[in-house]
There are 2 protein chains.
Amino acid sequence: MARLRVHAFTITLDGFGTGTDQRADAPFGDGVEGLHDWMLPSFSRRRSRQGSTPIGELDPSSGEGTGADDAAFRAGEENIGATIMGRNMFGPVRGEWPDESWRGWWGETPPYGHDVFVLTHHPRPSLPMHGGTTFHFLETAPAEALARATEAAGGRDVRLGGGVATVRAFLAEGLVDELHLVVAPILAGAGERLFEGLEGLPAAYRVDSLVPGGVGNAHVTIVRR
Amino acid sequence: MARLRVHAFTITLDGFGTGTDQRADAPFGDGVEGLHDWMLPSFSRRRSRQGSTPIGELDPSSGEGTGADDAAFRAGEENIGATIMGRNMFGPVRGEWPDESWRGWWGETPPYGHDVFVLTHHPRPSLPMHGGTTFHFLETAPAEALARATEAAGGRDVRLGGGVATVRAFLAEGLVDELHLVVAPILAGAGERLFEGLEGLPAAYRVDSLVPGGVGNAHVTIVRR
């Protein structure tokens with residue numbers, strides 16, 4: 001059975017998934033500098049591997065891919081057949097698309113390699129990219145988006161990206177099977193809070209584990225009760 | 001220089017310091033069962049020591065008082081000369097005191113052993129208890145309460161207890177020198193949030209450390225920049 005998984009979703013110690021004023025030159029907004037520092041070593045390792053060993057085929061004895069940070073980073077890329085994200089994760093454009101020139105944050109070869117379903121109130125034609133990624137734009141409820149993504153995933157799991165509002169919406173409907181959060185050791189003061197208006201969450205979910213990362217961060221796994 | 005310290009202030013993973021409907025038989029309200037599980041072993045050790053070795057005079061080689069949980073529990077009792085707390089930490093009574101029969105949660109011998117300043121809009125006469133604790137009831141601003149407590153502390157530090165609103169008020173005014181938080185691996189869904197309306201916090205404070213405890217909790221230290 002395909003599962004809907006959130007991985008590496010990072011919040012500040014005071015609970016914010018993004019800061020204020022998200023925009024093209026600040027995808028996560030202001031006030032959250034260092035939010036993703038925990039994954040920089042993993043990114044470097046991946047970059048140095050490009051063209052050589054694919055992710056998921058590392059030699060565990062090599063010393064690569066060890067530690068909670070790297071394990072968490074890699075887990076989010078294992079057995080994923082489709083991705084769902086909110087429009088704010090796809091780009092900084094709000095409201096009507098002025099044109100179709102915005103093609104995502106990731107350049108012409110996004111790191112997905114599968115169908116990515118972008119939830120938006122402003123649908124546009126599907127966007128095939130290099131490397132197997134196609135962005136589809138859906139104006140649907142979370143459950144319907146999940147059904148579409150599950151079909152596209154062909155038996156593998158579906159990963160739910162951000163932003164904050166998107167994760168909240170799927171959590172509120174109990175659609176998330178596993179939520180891997182990272183708590184970064186920074187304070188934002190303001191922004192978009194993940195745990196807001198989720199009064200029903202404790203009845204459906206529980207914290208399964210909390211383990212420290214390498215930069216004063218913590219990895220938290222939340223699962224269904 | 002005397003410092004104002006918060007110790008062992010525990011919040012849920014989703015950010016709540018108390019749940020809903022605080023009352024006499026639920027001092028922290030509903031939805032936060034297990035919030036303080038991390039300190040139960042420390043409490044047991046203290047109880048088993050009563051009448052024998054005072055806290056702070058443990059033999060480190062005995063194995064007692066080790067681990068992040070125990071260390072955090074004990075740190076809150078070291079070099080403290082006075083305590084400040086909000087009225088909600090003193091008791092469940094709200095509004096006017098119907099009489100003076102409520103004498104705190106802690107019985108006739110509270111574990112403070114020094115002057116405790118209770119902030120309230122409904123002052124009442126000071127209340128001397130057994131064991132050196134005297135409760136004083138103040139209707140003052142945080143800075144004035146701190147001045148009173150600092151004087152009473154006689155050169156030692158002042159500990160700021162809860163509840164949530166009290167800690168927030170002192171943080172908002174930048175009066176807290178050190179904030180030791182515990183993040184418990186539970187979800188409350190609703191209640192009183194610690195990091196609410198503290199937009200200015202990141203300018204004045206930073207996260208200094210995050211270390212895991214023994215029950216899936218994390219200890220976080222926040223200090224001035």
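Per chain, numbering begins at 1; letters A, B, ... match sequence-line order. All heavy atoms count here, side chains included; hydrogens, waters and symmetry mates do not.
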Exercise for the section: Report, by ascending residue number, the residues of residues 206-225 of chain A in heavy-atom contact with chain B at a distance under 4.5 Å; give 'none' if the set is empty. Expected result: A:R206, A:V207, A:L210, A:P212, A:G216, A:N217, A:A218, A:V220, A:I222

Fill in the blank from the handout: Among residues 14-34 of chain A, those lying within the under-4.5 Å heavy-atom range of chain B are A:D14

Exercise for the section: Using a cut-off of 6.0 Å, state whether more than 12 heavy atoms not belonging to B:E139 lie near its atom CD. Expected result: yes

Practice task
For A:P202 and B:G189, work out which heavy atoms get closest and say how close.
Solution key: CG-N, 3.5 Å

Handout entry: Side chain, backbone, both or neither of B:A203 within contact of chain A (heavy atoms, under 4.5 Å)
Key = neither

Problem - Within 6.0 angstrom of A:E173 CD, more than 12 heavy atoms from elsewhere - result: yes

Completion exercise
Nearest heavy-atom contact between B:L187 and A:Y205 is CD1-O, 3.8 Å

Exercise for the section: Measure the spacing between CD of B:E196 and CD of A:E196 and express it to the nearest 0.5 Å. Expected result: 6.5 Å

Handout entry: chain B contact via A:A188 - side chain, backbone, both or neither, heavy atoms under 4.5 Å
Key = backbone

Fill in the blank from the handout: Looking only at B:L201, B:L13, B:L181, most heavy-atom pairs under 4.5 Å shared with chain A are made by B:L13

